[in-house]
Enquirer: 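For reference, the structure I am asking about is given below.
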Amino acid sequence: MDQFFEQIITGLSIGSILLLVALGLSIIYGSMGIINLAHGEFVMLGAYTAWLLQSHFGLGLLASLIPIFVAVALIGWVIERFVLSLLNNRPLDTILATWGVGIVLQQGVRLTVGSELRYVQLPPSLSDSMVIVGLSVSSYRVFLFLVTIVLFAVTWLLMNRTTIGMKLRAIMQDRSVAASFGINAKRVYGLTFAYGAGLAGLAGALVSPLKSVSPDMGTGYVVDAFMVVVLGGVQSLAGTVASAFILGQLSGAIAFLQNDTVAKALVLLAIVVLIRFRPEGLFTTRVRA
Amino acid sequence: MQIAPILIVCAVVFALPLVLNNDFLLNKVARYLVLGILTISLALSWGFGGILNLGQAMSFGIGSYAMAMALKLKTIPVHTGSGGLPDFMVWNNVARLPWFWEPFKSISFAIAAGIIVPALVAAGLGWFIFRSRVTGVYVSIITLATMVVLNLVIIDQQSYTGGFNGITDLAQLELFGIAFDAYGRATFYLVATCVMLSLLVAFAFTCSRAGLIVQAIRDHEGRVRYFGYDVATYQIFVFALSAAIAGLAGMLYTIVMEFASPTFLGVQLSLSVVVWCAVGGRQSLVGSFLGAVLVAGMQGALSESAAFLETWTLVMGVLFVLVVLFLPKGLAGLAQVAWHWIVHRRQVTQGIAHGVGRTREGSA
């Protein structure tokens, strides 16, 4: 029984990291139709900013979360403004452009900071563990889980309860009609992309104490995050949440029985087979186009 | 698109050994030509079929491993364990040859497998993707993810695949009594022949009825479906054909490089292929081929120092973004525009020289 709960908690922990990374990706794809292959690099930039602030300015991880969000969001805004907004009606080309941007970011970091591994310290207040249902769980993982829930709630509120969210939903439904009502689509797209990038940066900063920081760390995360988006379907935030936790539990369980690689291979196989029968994803009704 | 540029390129490729006297250089050029074949295969599925396969290196890697497995089993016993067991299996305490290695004792099986297995894998994956009418960016993500996973599996299953180190210490390929030394002319001509074959097969396909339908699907999938064509079948076919050519390129790469490695089906290579294809011109077979040879060749020439290689990757990233933004048809598109401009100018100047009447005749 203990082992069962331990598995559930491991799965929740993997799921919350997946959701953290996939949230930004899902928003950018769902609202702008852009598959952002530079997303992993935004995660990487967030982790490096955390490292930079900690090692050069002595700022703790918790204190640096907001500056990290702002910094990566700003980079995202610049990229949207000067690259992606030029590719309005060429969705396949945005994949290529973001991929190119990804290489530039990754290589830029490698050239300026170097490719050796960097480490970020856990916040001292969260470095112990706590007891949940009779099991000892690292406090930081619990904190990650809570932060993920808060970020999801904030995102949902932004989308559904603010003016900018309403404008974005209007543009998603019909861009030209929205424009004729005086909504500046370019500005909204810029802000959306910046927000998605900022979320990725936060994800990178938050996972940085658990794993080492390197220029190519983003690649692994982005593939996992894409699986979440493909499984969940892209139009609903709830689908992203559900699929992140399903995948988290599934990878946790298979990894326990076999190993990480087998888990990844089986999960991918399951997703490819699933697409054949539910092309629209598990939790949405709209067909992908 | 016409056949003349293809024939010119093939003639130049076959003439190269007359100019290049250095075996080392010849091997390098052969390597770029093989990457050119891989890029042709991507142009076929992406430029003509509208299927952006971000995992094109997967087929390449499968072909490369098929050839490497066969050549590994041919190595002299010094490099293998007792009973011809590959050395890395001995190190990993594998007692006997796994069943899926057995058939690779035959070279002809390996050559067939290097082409057929990638095609079958692609057809299977394509069946799931295209029958569900998944299009556009989703295809790219799924192909990318599949390749990454296969790459991880190969690295993970070290005792059967050589893991991170790949398969090294290979014998030379021998066919019809000819030994294909990586640094010899025979290998170069083998590669050149395959370049020609790939270009001609791809060209023949694009001119065929099926090829025209595939291009129509790229331009407007729905309309082709309303005409009553089974869209998915054509997409699966071009996807598999492209994978088969990539598999062929992978086999040649093993012969030229003398090893197989998980990096052959890595994200890095897959990305490079897309870049070459975009720079050369995705809708032109010759353009994409030359794009690969030129960009890869330039990279090879400039990357003597490691520091420069890093900068080069950065430059390539920037170049790629610029090409995507401002030159969607690549250098081939640019060449086409230039050609039309020259022809047009000549017509105009001729018109001026021969009077107005002639101009009307010429333009009619």
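Chain identifiers are assigned alphabetically (A, B, ...) following the order of the sequence lines, protein sequences preceding nucleic acid strands; residue numbering begins at 1 within each chain. For clarity, every value in this text was computed on a predicted model and none was experimentally measured. Values below: all heavy atoms of this structure, side chains included; hydrogens, waters and symmetry mates excluded.
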Enquirer: What verdict does the side chain to side chain contact (heavy atoms under 4.5 Å, CB included) test give for A:Trp99 and B:Val275, after you've listed the backbone C-alpha separation in whole Å, the side-chain angles of each residue and the deciding distance to 0.1 Å?
Expert: CA-CA 10 Å; A:Trp99 200 348; B:Val275 175; over 6 Å; no
Enquirer: Give a yes or no on whether A:Arg169 atom CZ has more than 12 heavy-atom contacts from other residues, nucleotides or ligands under 6.0 Å away.
Expert: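 Count over threshold, so yes.
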Enquirer: Any side-chain heavy atom of B:Phe326 within less than 4.5 Å of one from A:Leu86?
Expert: yes
Enquirer: So which part of A:Ile34 gets closer than 4.5 Å to some heavy atom of chain B, the side chain, the backbone, both or neither?
Expert: neither
Enquirer: Please flag which part of B:Val274 lies under 4.5 Å from any non-hydrogen atom of chain A: side chain, backbone, both or neither.
Expert: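 For B:Val274, side-chain heavy atoms alone lie under 4.5 Å from chain A.
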Enquirer: In terms of heavy-atom proximity below 4.5 Å to chain A, should B:Leu271 be classed as side chain, backbone, both, or neither?
Expert: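 Contact with chain A is through both the backbone and side chain of B:Leu271.
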Enquirer: B:Leu144, B:Thr146, B:Val149, B:Val315: which one forms the most heavy-atom pairs within less than 4.5 Å of chain A?
Expert: B:Val149
Enquirer: For B:Val148, is it the side chain, the backbone, both, or neither that has a heavy atom closer than 4.5 Å to a heavy atom of chain A?
Expert: side chain
Enquirer: If you count heavy-atom pairs under 4.5 Å between each of A:Val104, A:Ile103, A:Leu96 and chain B, which one has the most?
Expert: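 Most pairs with chain B among the choices: A:Leu96.
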Enquirer: If you tally heavy-atom pairs under 4.5 Å against chain B, which of A:Asp93, A:Asp216, A:Asp224 wins?
Expert: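 So the answer, after comparing A:Asp93, A:Asp216, A:Asp224, is A:Asp93.
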Enquirer: CZ of A:Arg187: more than 12 outside heavy atoms within 6.0 angstrom?
Expert: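 Incorrect, the count does not exceed 12.
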Enquirer: Surrounding CZ of B:Phe100 (heavy atoms of other residues, nucleotides or ligands, distance under 6.0 Å), is the total greater than 12?
Expert: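 Atom CZ in B:Phe100 is crowded, with more than 12 foreign heavy atoms closer than 6.0 Å.
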